[in-house]
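Order of the sequence lines sets the chain letters (A, B, ...), proteins ahead of strands, with each chain counted from 1. Atoms considered below: every heavy atom in the structure, side chains included; atoms not considered: hydrogens, waters and symmetry mates.
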Amino acid sequence: MHGSSRTSHEPLALAAFALALSCFAFTSAPRANADETFTIGSKNFTESVVLGELGRFAGERAGVDVAHRRELGGSRILFEALRQGEIDVYPEYTGTLIHELLAGHTTAIDSLDALGRALAPMGLAVMPPLGFENTYAIGLRKEQAQELSLRRISDLRPHTSLRYGFSNEFMDREDGWPGLAARYGLRPDWVRGMDHDLAYRALESGEIDAVDLYSTDADIAYYDLATLEDDLRYFPEYKALYLYRDDLAERSPTFVAALRALSGTISEGEMVAMNARVKLERMSEAAAAGIFLGVATDEAADSFVDRLRRTTAEHLALVGASLLAAIAVAIPLGIASAKRPRLGAFVLGTTGVLQTLPSLALFVFMIPLFGIGWAPAVVALFLYSLLPVVRNTHAGLTGIDPALRDSALALGLPARQRLLWIELPLASHSILAGIKTAAVINVGTATLAALIGAGGYGQPILTGIRLDDTALILEGAVPAAVLALAAQGVFAALERWLGFEVTSNS
Amino acid sequence: MLRLRNVEKRFGDVVAVAGIDLDVPPARTLALIGASGCGKSTLLRLMLGLDRADGGEIDFDGLPVDDEHVEAIRQRVGYVIQEGGLFPHLDAAANIGLLARHMRWSAGRQRERIAELCALTHFPEDALVRRPGQLSGGQRQRVALMRALMLDPSVVLLDEPLGALDPLIRFELQTDLAEIFARLEKTVVLVTHDLGEADFLAHELVLLRDGRIEQRGDLAALRRAPASEFVARFLRAQRQAADDRTEMGA
């Protein structure tokens with residue numbers, strides 16, 4: 001009886017479930033398309049930002065809301081952000097994936113299919129390549145290449161007197177100069193490692209004859225260079241493609257289809273042209289991408305005041321939140337450290353070690369824990385601000401004249417009152433000085449937060465460095481310096497207002 | 001009132017107090033006297049629990065000076081040290097009223113009591129708003145005395161209260177202190193290295209040497225019958241110094 005009643009209800013329950021599911025599917029699917037914003041990321045160089053803008057336009061043309069988080073940093077940051085789900089897709093290169101990001105992979109990745117299989121366990125997938133390659137190449141002044149009739153890297157072999165200036169990374173990498181020289185049998189008399197940008201200038205002025213470069217660099221056209229063909233196929237392939245989270249295919253098939261439609265449409269010449277428009281003609285990345293797609297880019301460029309207002313708000317939010325949190329945590333920690341010397345040694349040691357971590361590394365460490373953007377930047381800045389405040393709270397409290405400490409004890413005041421009425425006020429100069437130090441360090445360090453997508457004054461600095469635009473660099477650097485001075489001034493005024501002299505009794 | 005039995009205190013290898021028995025009777029002024037390092041200040045600190053005794057017993061009106069009672073005992077004892085130990089971030093009135101504030105006295109009651117104390121100690125009321133840094137040395141000691149007397153404690157401990165003052169102010173304050181102690185009938189323990197000051201302010205002297213009591217009694221008794229060669233020498237040396245001072249002054 002019991003069993004039969006259950007079976008008799010089963011179809012009903014199934015029907016209800018199916019109905020609920022279909023309702024859910026019906027109501028939620030369109031909503032997801034209408035409301036959800038998908039995020040495309042880009043690395044900190046022009047071509048990546050242009051490809052980010054291209055992806056955004058492609059999505060928007062198909063009716064999908066796409067946000068572009070620009071210039072997030074290097075490959076590792078983007079890759080982690082993608083795995084964390086902070087972004088849904090970003091432009092990457094096959095060579096970087098295979099030789100850098102998946103370098104620990106056990107089996108050789110020799111095809112796009114193999115690449116897909118290696119990425120699948122991480123929940124990632126690649127789209128078919130966009131069409132162009134951006135590989136390492138060897139470049140020379142065009143007239144010298146013509147004079148010596150150099151077209152291929154093999155042609156370099158007899159000219160041992162040519163002087164080579166390579167970027168430091170290229171000098172060291174296994175897939176860089178050492179392997180190249182071995183493969184082609186090159187034994188030049190003069191090879192040096194140097195800064196990449198300086199190498200271009202040295203090449204232009206004739207101090208060196210050959211540099212390593214990226215094949216789609218706008219500088220190739222700018223400096224009128226000839227690039228030599230890698231005729232022995234020494235350099236790995238660096239085909240550009242979109243790397244995305246495979247759940248994006250379910251969440252927005254439209255967006256994936258729109259991105260996929262870009263596959264095979266961008267030639268090397270077209271990419272070089274887009275890079276040149278940005279780097280040499282000072283066009284916005286959006287405008288360069290828009291010209292390629294034949295869409296009008298309606299966005300008016302932010303005015304200077306708008307940009308300054310936005311970066312100031314972002315910077316203040318980073319500094320304010322991290323500093324307040326640091327004060328709230330560091331003062332009690334400093335008090336506990338002063339009361340318990342062994343705890344104090346541990347706390348001061350730990351915060352001291354945090355302080356010695358390179359700030360860029362600390363920002364990057366935060367990504368697996370907190371993703372990208374505001375939150376990880378605030379946490380990193382918070383950790384940085386701890387030491388000055390803890391150390392000065394500790395020093396202020398342990399430095400109180402023992403006679404005054406005894407006076408407070410002898411009055412019969414309980415510990416809480418002694419702390420609040422006497423010890424903390426006596427330590428307040430030192431604590432305030434610690435907060436001032438933390439604030440000034442914080443304002444400067446927060447400019448690095450732009451590397452993990454948190455904006456602030458670091459954003460114009462970063463973009464300015466990338467585009468070799470001094471005015472843009474100053475647009476971030478000057479307000480950051482002014483803000484640091486302002487913080488210094490505010491705390492100096494606070495100290496004056498506090499205005500008693502601790503040593504006035506003697 | 002205060003009772004010490006076989007009290008000992010060592011700092012590392014140094015014995016500061018070597019088994020002292022001492023009774024301080026109520027409403028009397030007792031002066032602990034001796035050369036520096038004889039243990040007189042340490043004895044005072046032990047009474048307040050600022051240092052902990054390594055042996056023996058100290059009690060206050062029958063309450064042992066231990067973790068449980070020390071805070072209550074401190075609230076019933078006034079303590080004045082050399083240089084006053086005033087808090088530089090608080091004005092004179094706030095320094096004086098600190099414990100009353102903790103006891104949640106109303107502002108009016110605090111004001112009233114402080115006015116009384118100003119009259120008693122001859123402190124100008126308009127200087128109450130000054131911070132210690134803006135007061136003279138003598139004024140600071142008067143503020144410290146008011147702070148000690150604020151809650152009308154039964155016992156007052158003074159550790160070289162006049163040690164840092166110049167002679168004229170010192171004399172003035174000695175006179176005031178003697179008058180105040182006589183009027184209030186407090187139990188007072190005073191630490192000083194100055195025999196004249198001890199004699200002037202106290203009913204009885206307790207002469208200490210190397211952490212032990214060498215002799216107890218009033219100055220006349222000490223002079224009449226010094227208990228040891230040390231006592232006789234100490235009295236002679238102090239008298240010599242006092243005579244020198246008088247000559248220099250004359």
Side-chain angles (χ1 to χ4, degrees), chain A residues 327 331 334-335 338-341 389 392-436 491-506, chain B residues 41 44-45 47-52 60 65 67 69-91 94-104 130-135 137 139-141 143-144 147-148 150-151 153 155-160 164:
Chain A
I327 292 169
I331 291 181
I335 293 169
K339 302 284 170 195
R340 297 165 194 274
V389 184
N392 276 40
T393 304
H394 177 269
L397 289 174
T398 51
I400 292 175
D401 179 358
L404 292 180
R405 194 187 302 280
D406 281 347
S407 268
L409 267 178
L411 276 177
L413 287 175
R416 189 185 147 78
Q417 260 68 37
R418 287 201 307 274
L419 184 69
L420 290 179
W421 292 353
I422 294 163
E423 292 167 2
L424 283 179
L426 289 177
S428 58
H429 275 260
S430 175
I431 295 173
L432 206 59
I435 295 173
K436 179 169 74 181
F491 282 105
L494 260 178
E495 275 173 25
R496 275 196 302 279
W497 176 73
L498 216 60
F500 65 89
E501 285 167 43
V502 175
T503 52
S504 61
N505 236 8
S506 53
Chain B
S41 287
L44 220 56
R45 293 174 58 82
M47 291 176 192
L48 274 173
L50 295 177
D51 289 325
R52 288 304 159 91
F60 176 95
V65 178
D67 284 341
H69 301 100
V70 74
E71 210 163 273
I73 290 172
R74 284 169 182 163
Q75 289 175 4
R76 292 164 59 188
V77 177
Y79 182 54
V80 180
I81 59 174
Q82 187 171 351
E83 308 268 2
L86 298 180
F87 303 116
H89 62 294
L90 299 175
D91 65 20
N95 262 288
I96 298 166
L98 211 51
L99 190 57
R101 178 174 157 206
H102 170 59
M103 300 292 188
R104 300 186 187 285
R130 297 200 193 140
R131 286 178 171 166
Q134 303 161 313
L135 296 171
Q139 286 176 326
R140 281 204 288 269
Q141 289 311 93
V143 171
R147 185 170 73 182
M150 180 73 184
L151 261 56
V155 175
V156 181
L157 307 180
L158 303 102
D159 189 353
E160 300 277 10

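Between P88(B) and L404(A) the shortest side-chain heavy-atom distance falls below 4.5 Å.
For a residue to count as touching a neighbouring chain, one of its non-hydrogen atoms must lie under 4.5 Å from one of that chain's; by this rule L98(B) touches chain A with backbone and side chain alike.
Nearest heavy-atom pair, L48(B) versus A410(A), reported as atom, atom and distance to 0.1 Å: CD1-CB, 4.1 Å. Residues H102(B) and L413(A) share a closest heavy-atom pair of CB-CD2, 3.6 Å. Across P425(A) and H89(B), no two heavy atoms sit closer than the pair CB-CD2, 3.3 Å.
Here the CG atom belonging to L411(A) is positioned 8.5 Å from the CG atom belonging to N95(B), to the nearest 0.5 angstrom. If you take CZ on R45(B) and CG on D406(A), they are separated by 4.0 Å, rounding to the nearest 0.5 Å. Residue R147(B) holds its CZ atom at 4.5 Å from OG of S407(A), rounded to the nearest 0.5 Å.
Heavy atoms from other residues, nucleotides or ligands lying under 6.0 Å from CZ of R52(B) number more than 12.
With respect to chain A, the highest number of heavy-atom pairs below 4.5 Å among R101(B), M103(B), E71(B) belongs to R101(B).
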